[in-house]
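A, B, ... follow the sequence lines: proteins, then strands. Residue 1 opens every chain.
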Amino acid sequence: MPELPEVEVVRRDLDPVLRGRTVVAAEVGRDRAVRREPAPEAFVATLTGRTVVATSRVGKFLVVRLDGGLEGAGRDVVIVHLGMSGQLRVAESADEARLPHTHVVWTLDDGREVRFVDPRTFGQMWHAVSTDPGGRPEPLGHLGPDALDDLGDATMLTSRFAGRRIAVKLRLMDQTALAGLGNIYTDEILFRAGVAPHRPSGSVTEDECVALVAAIRAVLPAAIAARGSSLADAQYVDGRGRPGTYQEQFAVHARAGRPCPRCGRTVARLAMGGRSASFCPGCQR
DNA sequence: AAGCACACCTGCTAGC
DNA sequence: TGCTAGCAGGTGTGCT
């Protein structure tokens, strides 16, 4: 459930907590949370004693850059993906009660803890190396341009849609085409752009790509400003445990059967690629 | 080679 | 009331 806006809100919350702090201890309570590591002990060993120099984000992945080590400042990173239900929570001290499903804990040199909580266990974190301290770590090389920081103009979208039969909503969710969008925000972006989710990508016109780019540029910052979206089942909360409020601004997502806020027609729901799309048959063509 | 199905996992909800 | 079945979500793999 966390998509780009939620990950960015968490990053902005975590950055001042982590930056300049040294990880004095790390603990893995559930091996699956570090399943890309050779062993949980390897992850703990890599992290312990390291200082965080910066945080960044690529799509839905959070990147925590570490100082020191053989590779030099900023080259060793920890990549975090929240999956569907992952949360990074800051505890003021070790005395604070741990939530159920707390799988990884980092203890900082100021006594605070950063805790990775993830009921559905789709999230994970692992150590990687970035050849360029400012660039992307190697495991994230397959991702397309970041939908917030590197969106470019409509030409970029047009070229990624060209000749493809796959539904435009699924193409927008393809992280190798564009990184950061998921089921929630593609629903809202397609609504704003007036494009039906099941349209073949290749049928989307240049003008519609212009509208899609404008919609992405409007929706993502607004969602970040609202501190993300929190829905009933996948309880997204920020680094301080508070839900977001962007769901109050949803036009179509999770609103199937209710009236479209623009034209009043009933919002429809469509099964697509094992997911569900919500859209307005009146406003989206 | 694009596009699809499926596995992964848990908690909530709808339906009986 | 208590149970079960179904669903929800993002990513990665593997098949067609």
For residues 273-285 of chain A, dump all side-chain donor-acceptor pairs below 3.5 Å to protein atoms at least two apart in sequence or in another chain.
from     : atom 1 : to       : atom 2 : distance (Å)
A/Gln284 : OE1    : A/Cys280 : N      : 2.9
A/Gln284 : NE2    : A/Leu190 : O      : 3.4
A/Gln284 : NE2    : A/Val195 : O      : 2.8

Side-chain donor-acceptor pairs under 3.5 Å in residues 133-145 of chain A, sequence neighbours left out?
from     : atom 1 : to       : atom 2 : distance (Å)
A/Arg136 : NH1    : A/Leu143 : O      : 2.8
A/Arg136 : NH2    : A/Gly144 : O      : 3.0
A/His142 : ND1    : A/Pro139 : O      : 3.2

Would you mind writing out the side-chain donor-acceptor pairs for residues 255-272 of chain A within the sub-3.5 Å range, not counting sequence neighbours?
from     : atom 1 : to       : atom 2 : distance (Å)
A/Arg255 : NH1    : A/Ala251 : O      : 2.8
A/Arg255 : NH1    : A/Pro259 : O      : 3.0
A/Arg255 : NH2    : A/Pro259 : O      : 3.4

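Partners of A/His253 by ring pair (Phe, Tyr, Trp, His ring centres under 6.0 Å), not counting sequence neighbours, listed by chain and number: A/Phe250.
Under the salt bridge (charged side-chain N to carboxylate O under 4.0 Å, His left out) criterion, the residue pairs touching residues 15-24 of chain A are A/Arg11-A/Asp15, A/Asp15-A/Arg19, A/Arg21-A/Asp109, A/Arg21-A/Asp110, with sequence neighbours excluded. Here ring-ring contact (aromatic ring centres under 6.0 Å, His included) pairs that include residues 28-66 of chain A, with residues two or more places apart or in two chains, are A/Phe61-A/His81. Residue pairs meeting the salt bridge (charged side-chain N to carboxylate O under 4.0 Å, His left out) criterion with at least one member in residues 87-97 of chain A, sequence neighbours excluded, are A/Glu92-A/Arg112. For residues 181-193 of chain A, the set of pairs meeting the salt bridge (charged side-chain N to carboxylate O under 4.0 Å, His left out) definition, not counting sequence neighbours, comprises A/Lys169-A/Asp187. A salt bridge (charged side-chain N to carboxylate O under 4.0 Å, His left out) check over residues 205-221 of chain A, counting only residues at least two apart or in different chains, returns the pairs A/Arg199-A/Glu208.
You can call A/Phe122 stacked on the base of B/dC8; the centres are under 5.5 Å apart and the planes sit within 30°.
Within 4.0 Å (heavy atoms only), A/Arg35 reaches no atom of the nucleic acid at all. Looking at heavy-atom distances under 4.0 Å, A/Arg171 makes no contact with the nucleic acid at all.
Helix bend of the helix from B/dA2-C/dT16 to B/dC16-C/dG2: the angle between its two end axes, each built from five pairs, comes to 50° after rounding to 10°.
Counting all heavy atoms, side chain and backbone alike, A/Leu82 lies closest to A/Pro2 at CB-CG, 3.8 Å.
Checking A/Leu178, A/Thr158, A/Leu157 one by one against A/Leu212, the side-chain contact (heavy atoms from CB on, under 4.5 Å) holds for a single residue, A/Leu157.
Ranking B/dG11, C/dG12, C/dA8 by closeness to the A/His142 side chain, first place goes to C/dG12. When distances are taken from the side chain of A/Phe61 to each of C/dT11, B/dC8, C/dA8, the shortest belongs to C/dT11.
Of the residues in residues 160-168 of chain A, those placing a heavy atom less than 4.0 Å from an atom of DNA chain B are A/Arg164, A/Arg165, A/Ile166, in numerical order.
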Measure all distances between protein nitrogen or oxygen atoms and nitrogen or oxygen atoms of nucleotides 4-6 of chain C, and list the pairs falling under 3.5 Å.
none

